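A short write-up of the structure that comes next.
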Amino acid sequence: MILPPSFYTGDTLDVARNLLGCRLTHREGRNTTAGRIVETEAYLRQDPAAHSFHGKTRSNSVLFGPPGRAHLFFIYGKHWCLNVVCGEGDHRGAVLLRALEPLEGIPVMQERRGTVEKHLLCSGPGRLTQALAITGEFNGAPLFSGPLRIISPDNMPGSWQEHDGGQEIVQTIRIGISRATDQPYRFYLKGNPNVSRR
DNA sequence: GTACTGATTTTCT
DNA sequence: GAAAATCAGTACC
(Lines give C-alpha, C1' and ligand atoms only; values in the text may rest on other atoms or scores of the structure.)
Protein backbone atom coordinates (compact mmCIF):
# COMPACT_ATOMS: atom_id res chain seq x y z
CA MET A 1 0.00 0.00 0.00
CA ILE A 2 1.02 3.60 -0.53
CA LEU A 3 2.17 5.30 2.64
CA PRO A 4 -0.60 7.82 3.44
CA PRO A 5 0.06 11.47 4.26
CA SER A 6 -0.57 10.65 7.94
CA PHE A 7 2.54 8.44 7.97
CA TYR A 8 4.69 11.51 7.47
CA THR A 9 3.22 13.57 10.30
CA GLY A 10 4.94 11.35 12.87
CA ASP A 11 8.14 12.14 14.72
CA THR A 12 10.99 12.69 12.29
CA LEU A 13 13.22 10.06 13.88
CA ASP A 14 10.37 7.51 13.77
CA VAL A 15 9.71 8.29 10.13
CA ALA A 16 13.40 7.90 9.30
CA ARG A 17 13.46 4.51 11.00
CA ASN A 18 10.15 3.32 9.59
CA LEU A 19 11.06 4.26 6.02
CA LEU A 20 13.70 1.53 6.08
CA GLY A 21 12.37 -1.42 4.08
CA CYS A 22 9.83 0.69 2.19
CA ARG A 23 9.95 0.96 -1.57
CA LEU A 24 10.58 4.15 -3.52
CA THR A 25 9.25 4.02 -7.08
CA HIS A 26 9.47 6.38 -10.00
CA ARG A 27 6.95 5.54 -12.73
CA GLU A 28 7.65 7.18 -16.07
CA GLY A 29 5.84 5.24 -18.75
CA ARG A 30 7.76 2.08 -19.52
CA ASN A 31 10.77 3.15 -17.49
CA THR A 32 9.74 2.31 -13.95
CA THR A 33 12.62 2.28 -11.52
CA ALA A 34 12.29 1.30 -7.88
CA GLY A 35 14.35 0.37 -4.88
CA ARG A 36 14.02 -0.59 -1.25
CA ILE A 37 15.11 2.05 1.20
CA VAL A 38 18.07 0.75 3.21
CA GLU A 39 19.62 3.95 4.61
CA THR A 40 18.17 7.25 5.89
CA GLU A 41 19.16 10.28 7.93
CA ALA A 42 16.92 12.50 10.04
CA TYR A 43 17.23 16.29 10.13
CA LEU A 44 15.19 17.85 12.90
CA ARG A 45 13.67 21.31 13.22
CA GLN A 46 16.11 22.74 15.78
CA ASP A 47 19.04 20.96 14.18
CA PRO A 48 22.13 23.00 13.29
CA ALA A 49 22.87 20.50 10.51
CA ALA A 50 19.46 20.93 8.87
CA HIS A 51 19.00 23.15 5.83
CA SER A 52 15.94 24.66 7.50
CA PHE A 53 17.91 25.76 10.58
CA HIS A 54 18.51 29.33 9.44
CA GLY A 55 14.95 29.89 8.32
CA LYS A 56 13.01 29.80 5.11
CA THR A 57 14.82 30.60 1.88
CA ARG A 58 14.11 30.14 -1.80
CA SER A 59 15.69 26.71 -2.01
CA ASN A 60 14.33 25.20 1.20
CA SER A 61 10.75 26.50 1.22
CA VAL A 62 9.32 23.02 0.67
CA LEU A 63 10.69 22.05 4.09
CA PHE A 64 8.23 24.53 5.61
CA GLY A 65 5.24 23.15 3.70
CA PRO A 66 3.05 20.09 4.26
CA PRO A 67 4.67 16.70 5.08
CA GLY A 68 4.73 13.77 2.68
CA ARG A 69 6.39 15.72 -0.07
CA ALA A 70 9.76 15.53 -1.77
CA HIS A 71 12.39 18.18 -1.24
CA LEU A 72 15.19 18.13 -3.81
CA PHE A 73 18.40 20.04 -3.28
CA PHE A 74 21.44 20.35 -5.48
CA ILE A 75 24.82 19.88 -3.83
CA TYR A 76 28.51 20.13 -4.72
CA GLY A 77 27.74 21.35 -8.21
CA LYS A 78 26.70 17.90 -9.39
CA HIS A 79 24.25 15.97 -7.29
CA TRP A 80 20.57 16.03 -6.47
CA CYS A 81 19.56 14.72 -3.05
CA LEU A 82 16.08 13.64 -2.00
CA ASN A 83 14.54 14.68 1.30
CA VAL A 84 11.18 13.58 2.63
CA VAL A 85 9.31 16.31 4.51
CA CYS A 86 7.78 15.02 7.73
CA GLY A 87 6.49 16.03 11.13
CA GLU A 88 4.08 18.82 11.97
CA GLY A 89 4.39 22.40 13.14
CA ASP A 90 7.37 22.93 15.40
CA HIS A 91 8.36 19.29 15.07
CA ARG A 92 8.72 19.42 11.33
CA GLY A 93 11.87 17.92 9.93
CA ALA A 94 13.20 16.04 6.95
CA VAL A 95 14.52 12.59 6.18
CA LEU A 96 17.35 12.25 3.66
CA LEU A 97 17.13 9.07 1.61
CA ARG A 98 20.74 7.92 1.38
CA ALA A 99 20.61 4.47 -0.22
CA LEU A 100 18.34 1.96 -1.93
CA GLU A 101 18.55 -1.68 -2.84
CA PRO A 102 17.72 -1.76 -6.59
CA LEU A 103 14.52 -3.73 -7.28
CA GLU A 104 12.99 -2.62 -10.60
CA GLY A 105 14.37 -1.18 -13.82
CA ILE A 106 17.92 -2.27 -13.06
CA PRO A 107 19.03 -2.11 -16.73
CA VAL A 108 17.84 1.51 -16.91
CA MET A 109 19.70 2.30 -13.71
CA GLN A 110 22.86 0.73 -15.08
CA GLU A 111 22.66 2.89 -18.15
CA ARG A 112 22.02 6.09 -16.20
CA ARG A 113 24.77 5.35 -13.71
CA GLY A 114 27.35 4.11 -16.18
CA THR A 115 28.08 0.95 -14.25
CA VAL A 116 26.64 -2.55 -14.06
CA GLU A 117 27.60 -3.11 -10.45
CA LYS A 118 24.39 -3.41 -8.49
CA HIS A 119 25.85 -2.16 -5.24
CA LEU A 120 27.01 1.07 -6.94
CA LEU A 121 23.64 1.95 -8.50
CA CYS A 122 21.85 3.48 -5.50
CA SER A 123 24.37 3.44 -2.63
CA GLY A 124 24.45 7.16 -1.88
CA PRO A 125 22.05 10.13 -1.95
CA GLY A 126 23.40 11.45 -5.26
CA ARG A 127 23.56 8.00 -6.79
CA LEU A 128 19.97 7.00 -6.07
CA THR A 129 18.52 10.17 -7.57
CA GLN A 130 20.59 9.62 -10.72
CA ALA A 131 19.53 5.97 -10.94
CA LEU A 132 15.82 6.85 -10.61
CA ALA A 133 16.12 10.06 -12.69
CA ILE A 134 14.86 12.28 -9.88
CA THR A 135 15.89 15.92 -10.28
CA GLY A 136 14.81 19.35 -9.14
CA GLU A 137 11.61 19.14 -11.14
CA PHE A 138 10.24 16.93 -8.35
CA ASN A 139 10.83 19.51 -5.64
CA GLY A 140 7.53 19.75 -3.76
CA ALA A 141 6.02 16.66 -5.41
CA PRO A 142 3.80 14.45 -3.21
CA LEU A 143 5.03 10.97 -2.35
CA PHE A 144 1.56 9.43 -2.02
CA SER A 145 0.32 10.15 -5.58
CA GLY A 146 1.82 10.92 -8.95
CA PRO A 147 4.94 9.42 -10.53
CA LEU A 148 6.96 9.39 -7.31
CA ARG A 149 5.69 7.15 -4.52
CA ILE A 150 6.78 5.40 -1.38
CA ILE A 151 5.16 2.03 -0.71
CA SER A 152 5.14 0.15 2.58
CA PRO A 153 6.65 -3.36 2.77
CA ASP A 154 4.43 -6.06 1.30
CA ASN A 155 3.52 -7.78 4.55
CA MET A 156 1.81 -6.35 7.60
CA PRO A 157 2.16 -2.64 8.27
CA GLY A 158 3.72 -1.85 11.61
CA SER A 159 6.29 -4.58 11.36
CA TRP A 160 8.91 -2.86 9.26
CA GLN A 161 11.66 -3.87 11.62
CA GLU A 162 10.72 -7.55 11.48
CA HIS A 163 9.71 -7.89 7.89
CA ASP A 164 13.05 -9.20 6.71
CA GLY A 165 13.14 -12.02 9.17
CA GLY A 166 14.71 -10.16 12.07
CA GLN A 167 16.50 -7.55 9.98
CA GLU A 168 18.51 -5.42 12.39
CA ILE A 169 18.55 -1.64 12.18
CA VAL A 170 21.77 0.20 13.00
CA GLN A 171 21.51 3.73 14.42
CA THR A 172 24.66 5.85 14.23
CA ILE A 173 26.03 9.31 13.46
CA ARG A 174 25.37 11.12 10.20
CA ILE A 175 27.74 11.43 7.26
CA GLY A 176 29.17 14.39 5.38
CA ILE A 177 28.07 17.19 7.72
CA SER A 178 30.11 19.64 9.78
CA ARG A 179 27.62 20.55 12.51
CA ALA A 180 25.88 18.41 15.12
CA THR A 181 28.12 15.56 14.07
CA ASP A 182 27.55 13.68 17.30
CA GLN A 183 23.82 13.12 16.87
CA PRO A 184 22.85 9.48 16.10
CA TYR A 185 20.30 10.32 13.43
CA ARG A 186 21.42 7.90 10.72
CA PHE A 187 19.67 4.56 10.23
CA TYR A 188 20.52 1.64 7.99
CA LEU A 189 19.80 -2.05 7.58
CA LYS A 190 22.65 -4.00 9.06
CA GLY A 191 24.77 -5.91 6.58
CA ASN A 192 23.02 -4.58 3.49
CA PRO A 193 25.56 -4.26 0.65
CA ASN A 194 23.80 -1.18 -0.78
CA VAL A 195 24.41 1.02 2.26
CA SER A 196 26.67 3.94 1.32
CA ARG A 197 29.18 3.39 4.10
CA ARG A 198 29.56 1.25 7.20
C1' DG B 1 40.36 -2.87 1.06
C1' DT B 2 41.25 2.66 2.85
C1' DA B 3 42.82 7.65 1.90
C1' DC B 4 43.14 11.66 -0.54
C1' DT B 5 41.78 15.03 -4.08
C1' DG B 6 39.42 17.64 -7.75
C1' DA B 7 35.12 18.64 -9.99
C1' DT B 8 31.40 22.12 -10.54
C1' DT B 9 27.25 25.21 -9.32
C1' DT B 10 23.90 26.96 -6.38
C1' DT B 11 23.10 29.54 -2.45
C1' DC B 12 23.55 32.99 1.04
C1' DT B 13 24.96 31.03 8.20
C1' DG C 1 33.73 34.61 -1.82
C1' DA C 2 33.08 30.47 0.68
C1' DA C 3 30.61 26.64 1.83
C1' DA C 4 28.01 22.69 0.71
C1' DA C 5 23.48 16.42 3.74
C1' DT C 6 28.80 14.04 -2.81
C1' DC C 7 31.08 11.15 -6.17
C1' DA C 8 34.66 9.15 -9.11
C1' DG C 9 39.30 8.53 -9.96
C1' DT C 10 43.87 7.68 -8.38
C1' DA C 11 47.40 6.00 -5.27
C1' DC C 12 48.80 2.90 -2.11
C1' DC C 13 48.39 -1.18 1.30
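All of these numbers come straight from a predicted model, not from anything done at the bench. To find a chain, count down the sequence lines: A is the first, B the second, and so on, and within it residues start at 1.
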Please work out the stems of DNA chain B from pairs that are Watson-Crick or G-U wobble with both distances under 3.5 Å, keeping only runs of three or more consecutive pairs.
B:1-7 with C:6-12, B:9-12 with C:1-4

Decide yes or no for A:R197 and A:E39: does some side-chain heavy atom of the first lie under 4.5 Å from some side-chain heavy atom of the second?
no

Restricting to side chain to side chain contact (heavy atoms under 4.5 Å, CB included), what partner residues turn up for A:A42, sequence neighbours left out?
A:T12, A:L13, A:A16, A:L44, A:Y185

Do you know which of A:L120, A:L121, A:T33 makes side-chain contact (heavy atoms from CB on, under 4.5 Å) with A:P102?
A:L121

Which of A:Q130, A:E101, A:R113, A:M109 passes side-chain contact (heavy atoms from CB on, under 4.5 Å) with A:C122? Answer is A:M109

B/S/- contact track for nucleotides 8-13 of chain C, protein heavy atom under 4.0 Å
S-----

Take nucleotides 8-13 of chain B nucleotide by nucleotide from the 5' end and write B, S or -, depending on whether a protein heavy atom sits under 4.0 Å from the base, only from the sugar-phosphate, or from neither.
BBSSSB

Between A:D47 and A:R174 (salt bridge meaning N to carboxylate O under 4.0 Å), is one present in this structure?
yes

In plain terms, say whether A:E41 and A:R98 are close enough for a salt bridge, that is, a side-chain N and a carboxylate O under 4.0 Å apart.
yes

So, using salt bridge (charged side-chain N to carboxylate O under 4.0 Å, His left out) as the criterion, who are the partners of A:R23 when residues are at least two apart?
A:E104

Checking all strands, does A:S178 fall into the base, sugar-phosphate, or nothing category for heavy-atom contacts under 4.0 angstrom?
sugar-phosphate

Using the ring pair (Phe, Tyr, Trp, His ring centres under 6.0 Å) rule, collect all pairs that involve residues 96-123 of chain A, keeping only residues at least two apart or in two chains.
none

Check whether any side-chain N or O of A:R92 sits under 3.5 Å from a backbone N or O of A:G65 as a donor-acceptor pair, and report yes or no.
yes

Examine C:dC7: is either OP1 or OP2 under 4.0 Å from a nitrogen or oxygen in the side chain of A:H79? Give yes or no.
no

Expressed in angstrom and rounded to an integer, what is the separation of [X] atom [atom1] from [N] atom [atom2]?
X	N	atom1	atom2	answer
A:L63	C:dA5	CG	P	13 Å
A:R174	C:dA4	CZ	P	14 Å
A:W80	C:dA4	CH2	P	19 Å
A:L128	C:dT6	CG	C1'	12 Å
A:Y43	C:dA4	OH	C1'	11 Å

With a 6.0 Å cut-off (strictly less than), is the heavy-atom count around CZ of A:R45, excluding the residue itself, greater than 12?
yes

Decide if the gap between the ring center of A:H79 and the ring center of A:F74 is smaller than 6.0 angstrom.
no

